[in-house]
Amino acid sequence: MRFTLSWLGEHLDAAESLERLSESLIALGLEVEAIIDRAAALAPFVVARVIEARAHPNADRLKVCVVDAGGAPLQVVCGAPNARAGMKAVFAPPGTVIPGTGLQLTRSTMRGIESNGMLLSERELGLGEDHAGIIDLDAAAVVGTPAAGALGLDDPVIDVAVTPNRPDCLGVRGIARDLAAAGQGTLKPRAMAAIPGRFQSPIGVRLAFSAETAAACPLFCGRYIRGVRNGPSPRWLQDRLKAIGLRPISALVDITNFVTMDLGRPLHVFDADTLAGGIHVRLSRTGERIAALNGRTYVLDDQVTVIADDDGVLGLGGVIGGEGSGCRESTVNVFVESALFDPLRTAASGRRLGIESDARYRFERGVDPESAWPGIEVATEMILALCGGEPSEAVSAGAVPAWRRSIRFRPARVQHLGGLDIPEDETLGILASLGFAVAGAGAELAVTPPSWRSDIHGEADLVEEVVRVHGYDRVPAVPLSRTARVTRPAVAPRQRRTAMVRRALAARGLCEAVTWSFLAARQAALFGGGDPALHLSNPISADLDTMRPSPLPNLIAAAARNLARGHDRVALFEIGAGYADTTPDGQSLIAAGIRCGAAAPRHWAAAERAPDVYDAKADLVEALQAAGASVEGLQHDTATPTWYHGGQAGAVKLGPKTVLGHFGVVHPRVLEALDVAAPLVAFELYLDRLPAPRARGSRMRPPLATSDLPAVERDFAFVVEQAVSADAVVRAARGADRALIVDVAVFDVYVGAAVGAGRKSLAVAVRLRPTERTLTEAEIEAVSRKIIAAVGKTTGGTLRT
Amino acid sequence: MTDADSLQTEVAALERELMRAIGAAGETATLEQVRVAALGRKGRITELMHGLPALAPAERKRAGAAFNAVRDRIAAAIAARQRALHEAEVEARLRAEALDVTLPPRPTDRGTIHPVSQVTEEIIAIFADMGFTVAEGPDIEDDFHNFTALNIPPEHPARQMHDTFYLEAAPGAAPMVLRTHTSPVQIRAMRAGPPPYRVIAPGRTFRRDSDQTHTPMFHQVEGLVIDRSTHMGNLKGCLEEFGRAFFEVENLRMRFRPSHFPFTEPSAEVDIGCRRKGNELVIGAGEDWLEILGCGMVHPRVLEHVGLDPETHQGFAFGMGIDRVAMLKYGIPDLRAFFESDLRWLRHYGFAALDVPGLAMGLAR
């Protein structure tokens with residue numbers, strides 16, 4: 001919402017500085033987006049009179065002018081065809097920067113004639129596109145004064161953002177009322193006498209709605225004015241409209257735009273001679289068309305409020321007028337409309353048809369129901385004043401809808417809810433100055449909001465009005481009471497666990513990324529997602545149209561982008577949601593990570609290698625450990641989802657059913673689909689599947705069990721079939737004597753001729769820890785035999801000889 | 001000259017000769033030869049000692065003492081020489097083992113924590129100290145939690161397709177939405193148990209917006225305090241404490257401006273003071289203002305939607321952009337880069353793994 005300082009002054013007696021005014025607006029909740037002081041930008045330019053303009057001796061299209069800019073006469077070379085002696089123009093002295101070109105003006109010689117400045121066109125002054133000639137100022141402009149004044153640009157423009165609950169501030173008067181309530185001046189009274197009609201309106205109005213749709217237009221007021229002279233509106237009106245970014249069109253149209261901005265009261269003026277029969281307001285019929293004032297033609301459904309005559313649709317109620325019935329220069333007789341339209345229907349129609357207009361903007365937020373009649377009178381008064389003519393009696397259909405409502409108000413709530421301790425009479429004074437009627441006395445009052453405050457419904461709204469006008473900055477800040485003397489944990493154990501995983505992965509060299517929660521459906525499908533129920537019906541782009549099954553695909557895509565940027569080593573992770581369905585339970589927390597390119601930075605002491613499945617496994621195991629999972633008890637499995645390499649990936653499970661995570665080389669088909677040229681390893685950890693950490697309970701560690709008896713380590717090399725997993729051998733060995741064997745570690749894997757084709761040798765170190773006495777050689781022998789037997793039994797492995 | 005005298009002379013000569021040999025021994029092996037030649041079973045001193053019984057008893061005693069003294073001196077000299085040679089040999093070996101220590105050590109890969117995670121933890125640390133706990137809610141929400149319960153009527157512009165992501169609806173069902181704010185967690189928190197409530201809810205939020213300063217996904221943190229007496233003064237107090245702690249500016253200027261949200265009444269937007277110096281932004285100083293959050297007293301209709309009586313319960317809520325305050329605090333220029341996973345950006349703006357924010361050790365280094 002834009003207005004100028006002098007425009008505000010029409011409604012508000014105030015002598016505040018612009019700065020103070022701006023602060024007050026902000027404090028009232030009318031956020032000042034910009035203050036455009038056009039005069040400041042035009043300060044170097046002054047009004048000059050052209051004393052003489054003669055032809056340039058050396059150039060046909062140039063003139064040599066002598067100008068009076070308030071000092072000694074100056075010679076200026078000018079190329080404008082309209083430069084002539086006696087005119088008043090805008091003069092730029094040497095040294096100024098020309099807004100339209102951005103160039104600094106210098107004293108120069110043009111075709112042998114010295115030029116000491118420049119006479120400017122609209123375009124050169126940055127005011128418009130007109131460059132046909134220099135600006136021809138009004139003859140009354142005073143030589144040597146700032147050009148901004150003569151151009152009508154010395155009135156600062158204030159642009160405020162009005163929140164949707166305050167349609168009353170979509171008119172200058174509403175803003176003035178708020179400022180006055182806050183003590184920034186006095187609202188000027190506004191006398192509004194009904195203008196007597198001189199004859200009966202030849203055009204009648206009728207509301208043609210069913211009982212169910214009657215709310216579409218509760219009231220339609222109109223007046224016929226005959227014998228008007230349309231033409232350009234006066235300078236003051238044009239200046240105001242231009243200042244706020246509206247293009248002056250003709251007096252009749254400018255009047256409607258002015259009243260819309262001045263009072264927040266949209267109007268429409270029909271050329272009465274184009275109307276066929278009376279006006280009726282009704283819902284549109286499917287297929288009806290209208291050529292609107294914006295030059296476009298719209299085909300309507302059956303839900304739009306239309307103003308119609310016997311021939312068809314004249315305009316879309318509350319949205320836009322029609323081209324055919326609009327005012328022209330030649331218009332003589334007019335019919336003025338001031339009506340009420342339903343906010344919801346107006347919004348829906350405007351949205352469906354894609355029409356933005358100042359009228360729609362106001363009607364969809366709610367126009368003051370009591371403003372329809374005054375609107376007619378204001379419009380009539382201005383039309384008579386600017387265009388002449390003779391008014392008919394006003395006509396109307398419908399009635400002002402009921403808007404009065406009483407709200408219980410306890411002034412003590414200002415303190416209890418608003419935290420503001422002010423005297424009750426001040427509270428009531430604020431409400432009165434905003435137009436609220438207060439009845440009753442004591443602790444509970446009855447407050448009726450004014451007709452223009454459709455946003456006020458309850459006590460909390462009234463508290464806001466009082467605190468807002470008094471000033472949010474005057475509410476004392478009171479710290480919250482402490483709930484505990486020493487800070488208690490804010491996060492649940494599960495949330496803490498997530499934080500630990502995040503930091504553990506970063507400590508392992510992976511960089512945390514945050515990627516979109518959505519991706520392309522075809523990519524989701526590669527990772528077991530892409531369920532149509534998880535498609536967005538209005539995605540931002542086709543590449544982001546489906547909720548992701550896991551953070552992994554987006555990480556892989558990120559790796560591809562980083563590789564393309566020249567990174568030779570990419571290690572990323574993300575902890576975020578995967579979505580299996582649209583229910584809250586369908587969302588799960590997944591830690592995913594990838595490594596590709598080199599496993600480590602190139603280094604003189606280490607051979608280069610690419611990350612392999614064991615790097616991914618290490619990441620997963622580390623993450624599990626950080627999450628507090630007991631890694632010892634976990635099971636391994638080679639069954640993995642389709643997006644992993646069938647032979648170089650694995651699953652980590654808690655028991656036979658619960659898969660905690662996957663790791664491995666990502667399937668080349670998937671990498672190809674995601675444009676990743678290099679091999680890539682990944683892991684996914686399903687954090688929600690981990691057993692819930694104990695919320696409370698003992699922090700006590702089990703006692704440390706140590707033994708002074710020497711541990712014994714024995715190495716075994718088993719030859720097994722290739723298909724036998726190391727895990728199976730280790731488990732078998734480990735199970736051979738649960739009491740004595742404390743650790744079994746694989747320290748060598750050998751494949752080659754020495755063990756025969758299709759077989760491998762696994763060397764394990766078995767650590768025995770005696771508990772009661774030092775083991776004898778015979779006892780160690782006995783355990784060894786048990787180990788060999790157990791491995792042989794479960795894996796078919798034999799001792800390598 | 002007695003036998004003893006000549007023997008003495010011979011011993012003295014031998015001592016000189018041996019001392020010379022010990023001194024001349026350049027390595028332990030040579031020294032060992034000297035030792036064997038002198039003190040070994042057939043060594044020369046040993047052999048001289050064998051000649052003692054031939055002397056007269058008186059002389060024997062005197063010469064014996066002298067010989068012993070010589071033998072001890074020789075032994076001591078050999079031991080000393082042995083230590084010196086060993087030292088020298090170690091020194092020589094170490095010299096031979098010298099390496100170029102200017103070579104780089106084996107690298108340790110350091111990953112980073114994303115600014116969103118880091119700043120979220122900072123925010124949690126501060127609100128934890130004010131008695132808040134962390135609540136969560138799903139990203140995919142139903143209409144009730146995201147809109148209706150928050151007093152956002154069906155015709156509200158926020159519900160229109162251009163602001164909200166909708167999921168494709170099952171036949172006959174209302175479409176689910178991607179939550180447009182973290183406010184639905186207010187509703188979930190209040191429906192999960194009885195008041196009082198003091199919770200924050202950080203998380204992902206989604207709006208159908210994509211330009212210089214907007215991304216279709218971003219992060220918010222919601223705050224909610226409900227009890228019987230919390231008022232707007234407490235809202236200001238709480239957020240002012242937060243602002244000072246988070247931006248680590250003790251006299252941070254904050255401004256509460258009236259605004260409008262369907263789910264709060266009264267409503268406010270909060271600005272922090274700042275100064276722009278070219279491209280640099282100094283928080284807390286200067287005359288400019290930067291909006292950081294929206295807040296207000298929870299609307300009575302929101303309380304009614306979760307079964308609370310606005311006559312007995314009241315409090316405030318706020319919603320703040322995590323990415324936005326991260327940008328302001330750490331001078332990160334472009335929101336879109338947060339989600340591009342560019343390693344250069346992640347390493348530059350990310351945080352060390354062990355840099356865990358906390359109030360006791362300081363929020364940020």
Side-chain angles (χ1 to χ4, degrees), chain A residues 26 28-29 163-165 344 347 416-419 458 460-461 463-464 467-468 472 475-480 482-484 487 490-491 495 502-503 505-517 532-533 535-538 540 558 562 567 570 572 577 579 582 584 587 600-601 603-605, chain B residues 103 106-107 109-114 116-117 121 124 127-134 138-140 155 161 165-168 170 175-176 198 204 208 210 216-217 231-234 236-238 240-241 256-260 265-266 268 297 299-300 314 338-339 341-343 346-347 350 353 356:
Chain A
I26 292 167
L28 282 163
T163 51
N165 60 322
L344 300 187
H416 192 242
L417 185 67
D461 300 325
V463 170
E464 180 178 75
V467 179
R468 176 178 75 88
Y472 277 15
V475 175
V478 183
L480 286 176
R482 280 196 81 82
T483 49
T487 302
V491 299
Q495 294 162 331
R502 173 176 293 119
R503 295 204 176 259
L505 289 170
R508 281 187 58 75
L510 295 102
C511 288
E512 188 188 13
V514 176
T515 69
W516 304 129
S517 291
H535 282 202
L536 297 172
S537 55
N538 57 341
I540 202 112
N562 279 298
H567 286 278
V570 180
L572 296 171
Y579 308 87
T582 60
Q587 177 176 333
H603 188 258
W604 57 271
Chain B
L103 280 170
R106 284 173 190 81
D109 243 352
R110 282 186 193 82
T112 51
I113 298 291
H114 195 281
V116 167
S117 297
E121 285 191 22
I124 291 171
F127 282 106
D129 197 48
M130 291 194 269
F132 287 73
T133 56
V134 176
D139 297 347
I140 300 175
E155 64 277 4
M161 292 290 271
F165 283 112
Y166 285 89
L167 282 106
E168 273 169 24
M176 300 290 278
R198 215 180 260 204
R204 291 184 180 210
R208 219 179 156 279
S210 187
M217 181 188 91
H231 55 60
M232 262 191 97
N234 299 124
K236 285 183 74 174
C238 172
E240 284 182 6
E241 291 296 337
F256 288 72
R257 279 183 289 110
S259 189
H260 171 71
E265 188 75 35
M297 303 304 295
H299 199 290
Q314 63 180 43
F338 274 63
F339 310 115
S341 311
D342 183 334
L343 269 173
L346 297 175
R347 291 200 179 118
V356 181

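Below, all heavy atoms of this structure are taken into account, side chains as well, without hydrogens, waters or symmetry copies. Bear in mind that the values here come from a model prediction, so they are computed numbers and not experimental data. Labels below follow one simple rule: chain letters A, B, ... track the order of the sequence lines, proteins then strands, and each chain is numbered from 1.
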task = Mind running side-chain contact (heavy atoms from CB on, under 4.5 Å) on Ser517(A) and Phe165(B) for me, showing each step along the way?
result = CA-CA 12 Å; Ser517(A) 291; Phe165(B) 283 112; over 6 Å; no

Please identify, among [options], the residue contributing the most non-hydrogen atom pairs under 4.5 Å to chain B.
options	value
Thr163(A), Thr483(A), Val467(A), Val514(A)	Val514(A)
Arg482(A), His535(A), His603(A)	His603(A)
Ala460(A), Pro601(A), Ala513(A), Ala577(A)	Ala460(A)
Ala558(A), Pro532(A), Pro479(A)	Pro479(A)

Heavy-atom side-chain contact between [X] and [Y] under 4.5 Å:
X	Y	value
Arg503(A)	Ile113(B)	yes
Tyr472(A)	Glu464(A)	yes
Arg198(B)	Leu480(A)	yes
Cys238(B)	Phe132(B)	yes

What option among [options] has the most heavy-atom pairs under 4.5 Å with chain A?
options	result
Met297(B), His299(B), Arg204(B), Glu240(B)	Arg204(B)
Arg110(B), Met176(B), Gln314(B)	Gln314(B)
Glu168(B), Glu265(B), Met130(B)	Glu265(B)
Asn234(B), Val356(B), Leu343(B)	Leu343(B)
Ala353(B), Pro258(B), Gly237(B), Gly111(B)	Pro258(B)
Leu167(B), Leu346(B), Ile124(B), Val116(B)	Leu167(B)

Below 4.5 Å from any heavy atom of chain B, which atoms of [X] appear? Answer side chain, backbone, both or neither.
X	result
Leu28(A)	backbone
Leu572(A)	side chain
Trp604(A)	side chain
Ala484(A)	neither
Pro476(A)	backbone
His567(A)	side chain
Asn562(A)	side chain
Leu344(A)	side chain
Arg502(A)	both
His416(A)	both

key: Pro300(B) portion near chain A, given a 4.5 angstrom heavy-atom threshold   = side chain

remark   = Under 4.5 Å to a heavy atom of chain A? For Ala268(B) that would be both

query = Hey, does the side chain of Ser537(A) reach the backbone of Tyr166(B) with a donor-acceptor pair shorter than 3.5 angstrom?
reply = yes

query = When you measure from the side chain of Arg468(A) to the backbone N and O of Gly29(A), does any donor-acceptor pair fall under 3.5 Å?
reply = no

task = Report the C-alpha separation of His231(B) and Val475(A) in whole Å, then their side-chain angles, then the decisive distance to 0.1 Å, and conclude whether the side-chain contact (heavy atoms from CB on, under 4.5 Å) test is met.
result = CA-CA 10 Å; His231(B) 55 60; Val475(A) 175; 5.7 Å; no

request  = Indicate the atoms forming the closest heavy-atom contact of Thr582(A) with Ala533(A), along with that distance.
outcome  = CG2-O, 3.4 Å

ask   = Angle class for the His114(B)/Phe339(B) ring planes (parallel below 30°, perpendicular above 60°, tilted otherwise)?
value = parallel

